[in-house]
J.: 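After the structure tokens below, expect a handful of questions from me.
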2 protein chains.
Amino acid sequence: MKNTPVTIKDIARALNISISTVSRALRGMPEIHPDTRKAVTQLAEELDYQPNQLAKNLAKSRTRTIGVIVPNLSYYYFSAMLNSIEEAALQSGYSVLVCQTNESYLREITNIQNLLRSQVEGFIISLSRDTDNYEHVERLTRKNIPLVLFDRYAESINVSKVIVDNHAAAFKATEHLIENGCQRIGFLAGPAQLVLSNQRINGYRAALAKHGLSVGDQYVFNCDYTQENTIMQTLAMMSLQQPPDGVVIISDRMAYSAIYAMQQKGIRIPDDVAIVSFNNEPISAYFSPTLSSISQPIQEMGTETVRLLLREIEATDNTIPKETKVMETQLIVRGSSLRQRS
Amino acid sequence: MKNTPVTIKDIARALNISISTVSRALRGMPEIHPDTRKAVTQLAEELDYQPNQLAKNLAKSRTRTIGVIVPNLSYYYFSAMLNSIEEAALQSGYSVLVCQTNESYLREITNIQNLLRSQVEGFIISLSRDTDNYEHVERLTRKNIPLVLFDRYAESINVSKVIVDNHAAAFKATEHLIENGCQRIGFLAGPAQLVLSNQRINGYRAALAKHGLSVGDQYVFNCDYTQENTIMQTLAMMSLQQPPDGVVIISDRMAYSAIYAMQQKGIRIPDDVAIVSFNNEPISAYFSPTLSSISQPIQEMGTETVRLLLREIEATDNTIPKETKVMETQLIVRGSSLRQRS
DNA sequence: ACCGTTACCGCAAACGTTTGCGGTAACGGT
DNA sequence: ACCGTTACCGCAAACGTTTGCGGTAACGGT
């Protein structure tokens, strides 16, 4: 007894008019008599008519939909970016379809395929952790499907990007630790294939070099973003012959685990080890100790990402040059790195 | 110079066969000669043909898609539930469309409308914080569109539900605090219109009553889930003439802020105030102090929600009785509530 | 040699819209 | 009274698929 949804055919039949007239009346086209328009809208309202978006999109050969693919929405950064992207898209009359890769390369591929089949007009993607091959995204550009990467990007993919100045951010974070008296600073990084992570390592190294505090590679630990691995790497770092007195950590989430591991070993933060990390999750302000973190301009990144994408979607020719927007970050200083100057 | 996507028409023309044959060949129907099938699949592969899902769904009048609406994906619970739901749906050949309400009643209404227009075959909804009117969801059941509520539900809506035993969970949490020596226990609750919150309050009151430790209403504070308000309510609670020595908190996120506020005032956890909260977010295991929390069987809840929904979607008649599945919770004891017995 | 069966394929309608084009009736101007 | 214009509406094709039905050619059995 499933009742099929009401269509414009139903309305047309009930009112003894054609479906064209119903269609035009509902969309407020001018060539419809006010009386019939009123009759149509009234009946539509009464029947709670909902236009079939599939049919609409198919007939117009447009969906006004963009596909967003992110690693994981439980990270504050991606969840907030999604909200920002959705808002910006909505303002331009676009809706978004979201997918998570759960950091899996394979799911990234199937997500792209599914969204393609759903006829999205463009993609906004932040690459998964395990993605080390870019054939699947380059195929999109070969099909002339607009694509903008953000945050987790790759240099070699020739598309528009919205990123932060990772080098400068890590430089700033490291220098801040140095200013707070750290002499030997380690870095808890992400997976080695993440450009974002490597750029931050470079910024960190540059800051150390500038202050004559360079350290060996053994002070940089690669992590896979899981809590267990973070704890392992943290313990390994703190077991070095000369353990660091300051650590830059690639994400707040990892910092939470790292700090826990350190505190378990009786290491005091920030007295024994000062810490700065990235993302400035809301929880960081309430963690104990409160966590110093690099904040990214999420709102601005979202609107900029959408702007770059829509520019390509709505272009008539293909001559739009790719653009890479590099945003500035802000260091939020909190308890985990603030030492009384000695 | 946007190139339009390749269709079965293109393949048919190139191979000098009809689109019916292409369609059947691609779907592996038996009445196609192996040679033509091979030619079709090969060319489709070569052209990277992607079937237009809109057309497919329209032609079959089925989408095999379910709509999921949650308050906010940055909460671990909802993000994890989404993953669990997606996995279960995928296994039955369904895909999901996700929307966030950001706790707004109005966005909940527009989300439902948009998903309806996208022809989802059923809904899985966790109500927003601000939803105090259920007309928009009851309209779905009047249209005979399957709907399952989880977590944030309402008694009066006559649909299948997947929830946890909130009363028992709060009872368990409260009794645990009592066992750890708490004599005066407060409750930091959610908004007053949330049934989930009120049920937990009842469980808390029942536990207090059982142990002869009942307190007045002034020990129950309603909160709106924001960090600022949480801190305000926490400070208000701790400023009572007789401040509590134990607090049950409606969510881990709120607990983080509350603990911060307490620690700022020099209150020690768990010595001065012992704390238990709900949701068992991954971060809670690394918070300082580690946070005791009620864990919900997310995996099971997700599969159960999908099962109840698909049961209704795939039913031929409307006689399926609504079912309410109440799950058991587990108290994870950690540092925030563990006191040395005196 | 004939005929029934089978294998394989195409026609055309259908899903629910949009939209270009044409058609009729009423109107206003001379 | 006549005609050009305008207001309003319907026909039918189109979007890209699926699918019931029918049709032809080849085959195997007698």
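The structure displayed is predicted, hence computed values, not measured ones. Note on naming: letters A, B, ... go to the chains in the order of the sequence lines (proteins, then strands), and numbering restarts at 1 for each one.
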J.: Using purine N1 to pyrimidine N3 plus N6-O4 or O6-N4 for Watson-Crick, or N1-O2 and O6-N3 for G-U wobble, each under 3.5 Å, what pairs with dA26(D)?
T.: dT5(C)
J.: Apply the side-chain contact (heavy atoms from CB on, under 4.5 Å) test between Phe123(B) and each candidate in Ile66(B), Thr141(B), Leu116(B); give the one that qualifies.
T.: Leu116(B)
J.: Angle class for the Phe150(B)/Phe78(B) ring planes (parallel below 30°, perpendicular above 60°, tilted otherwise)?
T.: perpendicular
J.: Which word best sums up how the rings of Tyr225(B) and Tyr75(B) line up, parallel for under 30°, tilted for 30 to 60°, or perpendicular for over 60°?
T.: tilted
J.: Take nucleotides 9-19 of chain C nucleotide by nucleotide from the 5' end and write B, S or -, depending on whether a protein heavy atom sits under 4.0 Å from the base, only from the sugar-phosphate, or from neither.
T.: BBBB--BBBBB
J.: Please tell me if the side chains of Val159(A) and Glu138(A) come closer than 4.5 Å, counting only heavy atoms from C-beta onward.
T.: no
J.: Would you mind pulling out the nucleotide paired to dT19(C), Watson-Crick or G-U wobble, both distances under 3.5 Å?
T.: dA12(D)
J.: Counting only heavy atoms not in Lys322(A), do more than 12 sit closer than 6.0 Å to its NZ atom?
T.: yes
